[in-house]
There are 4 protein chains.
Amino acid sequence: MRIPIRLSEDSAEPMYHQIEVQLRSLILSGTLPTGTLLPSIRELAQDLSCSIITIRRVYQDLENEGLLRTKQGTGTFVAAVGDTEREHYRTGAVAEAFRAAIDTAMRVHLSRGETEKLFYESLNAKMPDHEGNGGPNR
Amino acid sequence: MRIPIRLSEDSAEPMYHQIEVQLRSLILSGTLPTGTLLPSIRELAQDLSCSIITIRRVYQDLENEGLLRTKQGTGTFVAAVGDTEREHYRTGAVAEAFRAAIDTAMRVHLSRGETEKLFYESLNAKMPDHEGNGGPNR
Amino acid sequence: MRIPIRLSEDSAEPMYHQIEVQLRSLILSGTLPTGTLLPSIRELAQDLSCSIITIRRVYQDLENEGLLRTKQGTGTFVAAVGDTEREHYRTGAVAEAFRAAIDTAMRVHLSRGETEKLFYESLNAKMPDHEGNGGPNR
Amino acid sequence: MRIPIRLSEDSAEPMYHQIEVQLRSLILSGTLPTGTLLPSIRELAQDLSCSIITIRRVYQDLENEGLLRTKQGTGTFVAAVGDTEREHYRTGAVAEAFRAAIDTAMRVHLSRGETEKLFYESLNAKMPDHEGNGGPNR
DNA sequence: GTGGTCTAGACCACC
DNA sequence: GTGGTCTAGACCACG
């Protein structure tokens, strides 16, 4: 199987982290359902043109998080993730990102209205709304 | 003068970066107006209980960004920042943070509604709204 | 790889600056083409008999200028520099130096002819001309 | 007497050096002839809105160079400067500046022709030539 | 007093 | 092995 992961070469973000974030998303969003056999470390490393060590670390980290399960001599599988846990994970990361963004807004003294405006600008750009509800006061 | 900067000890974020972010905000928000004499490197270092070198790096980075101006033997000052540039900077950083948050939301396949809900949860927690308008659908 | 850099010990010019100037030239002249892996910080520091920190600063400054790209755990590389940018850079630095020299000449009230004469004395000494054209009025 | 000196606030060049360079030029070019009484330290300091200490250093440095002479309780005068010495000084500084510029040109591998071209661009901009001789090959 | 440069050395994160 | 952060401390240049 081919895992859809895209790496940005010129980013300051460490390679292993980019991969982890994307793989975690694929698992938690259900795109890679429980039990899926992931590509071998060597395969994925070649696929992403990176070191085996880097992939090893990714699999290890995600196994430590309980998202993957490794069976000796067989391969690495997506572990069973409880729905509650999954839900918690999904919203947790996003809520954290919003908190960070709002912290930034507060640091430069944006008003609540300006903050909402910026949020909806980004939201409309990335998640177009087809029911005509593009802001808070409609 | 005393600069209000708060460091989080247990963060993975490098100390110098935390300071830069906050100082940049203070300048761009106008809290530290053009021409303000900043505390000396030694003073701020003692104030924040960190090395002189760390503060030196902060001041130098912000000088490279054009936000500070240092005169040897005299001190470090807030440089003149154009209003347009300032406005662009303020909203730019926040918009960037929102884009990142929404990217995360998309990666875990949150719906637009769920995303808005999370945003308003964070917003209401951090910027309480005194006019009774706490979300998009009221 | 061995980088040809020569330091003048008794100069008032800071060491880090001497290195930056020469390294910048090597990159912008194309002597170190895009993608070249530079020696590690530790290697170059030993090579030039200076502190690791001095070299670190050089690499970091040039990275801020967009001339280098560093990948943690991998090394420091020459970044892609556009030909236009490169050309602009090359002539820019030289033109700036000539403007400074001519300013000096004007400050001591040299005539245009005397200025040209001094220029050609230096030019002939450093860039011998093999076509017998050593000055303006021949 | 009022000495025509212009300081650039935003330059990285130390204030005392800017003043020295300009005062030296005024003396060596003959604008301030031998015997001229310079303004007192306090006067010049106020005139240039800088510290007395800075001016003290300027006068001291130039006295050490033999360009000024201080008489206790009387003031500071322009010293007698031999014509040879004056000539040597004038051309020396300019030649040094040209050597530096040509070094830069060589470092980025400019050809002799390109170097001459850049020189004449700067020269024509700063010392317009009224006899129609703007380059080497005319 | 101020900032600017440089040192030696430690510890961490990444590949 | 690589670069990234941080430390403590020295010495110089500037005002």
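In what follows, chains are A, B, ... by sequence order, proteins preceding strands, each numbered from 1. Every heavy atom of this structure was used, including side-chain atoms; hydrogens, water molecules and symmetry mates were not.
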Check salt bridge (charged side-chain N to carboxylate O under 4.0 Å, His left out) between D/Glu13 and all other residues, then give those that pass, not counting sequence neighbours. none
Would you compute the distance between atom CG of D/Asp47 and atom CG of D/Leu44 and round it to the nearest 0.5 angstrom? 6.0 Å
Rounded distance [0.5 Å steps], CD1 in C/Ile41 versus CD in C/Gln60: 8.5 Å
For C/Ile55 and C/Cys50 the tightest heavy-atom approach is CD1-SG, 3.6 Å
Heavy-atom nearest nucleotide on DNA chain E taken for C/Ser49 and for B/Thr74; more 5' hit belongs to B/Thr74
Output a table of donor-acceptor pairs, distance under 3.5 Å, between side-chain atoms of residues 67-74 of chain D and any protein atom two or more places apart or on a different chain; print 'none' if there are none.
unit_1	atom_1	unit_2	atom_2	d
D/Thr70	OG1	D/Glu63	OE1	3.1
D/Thr74	OG1	D/Gln72	O	3.4

Taking only heavy atoms on the protein side, list every residue of residues 12-25 of chain B lying under 4.0 Å from any atom of DNA chain F, sorted numerically. B/Pro14, B/Met15, B/Tyr16
Enumerate, in order of first residue number, the stems that involve DNA chain F, defined as 3 or more consecutive Watson-Crick or G-U wobble pairs with both distances under 3.5 Å. E:1-14 with F:1-14
Reported CD1-to-CG distance for the pair C/Ile19 and C/Leu48, which is rounded to 0.5 angstrom: 5.0 Å
Would you check if C/Leu26 and C/Pro4 make a side-chain contact, meaning some heavy-atom pair closer than 4.5 Å? yes
Is the shortest distance from a Lys or Arg side-chain nitrogen in C/Arg57 or C/Asp61 to a carboxylate oxygen in the other one below 4.0 Å? yes
Hey, which of these two, B/Ser51 or C/Gly75, hits DNA chain F nearer its 5' end, going by closest nucleotide? C/Gly75
Calculate, to the nearest 0.5 Å, the distance between atoms CD1 and CG belonging to B/Ile5 and B/Leu23 respectively. 5.0 Å
Can you list, by residue number, the residues of residues 53-65 of chain D that have a non-hydrogen atom closer than 4.0 angstrom to DNA chain F? D/Thr54, D/Arg57
Within a strict 4.5 Å, meaning less than it, do heavy atoms of the C/Glu65 and C/Tyr89 side chains meet? yes
Name the nucleic acid region contacted by D/Cys50, choosing base, sugar-phosphate or nothing; use a 4.0 angstrom heavy-atom cut-off, strictly under. nothing
What is the first contacted nucleotide of DNA chain E and what is the last, in 5' to 3' order, if contact means an atom lying under 4.0 angstrom from a heavy atom of chain A? E/dC14 to E/dC15
Spacing of CG belonging to B/Leu32 relative to CD1 belonging to B/Ile27, to within rounding of 0.5 Å: 6.0 Å
Heavy-atom pair of closest approach, residues B/Met15 and B/Leu7: CG-CD1, 3.7 Å
If each of C/Thr76 and B/Ile52 is mapped to the nucleotide of DNA chain F with the nearest heavy atom, which maps nearer the 5' terminus, i.e. the 5' end? C/Thr76
CZ on D/Phe77 to CG on D/Leu37, rounded to 0.5 Å: 5.0 Å
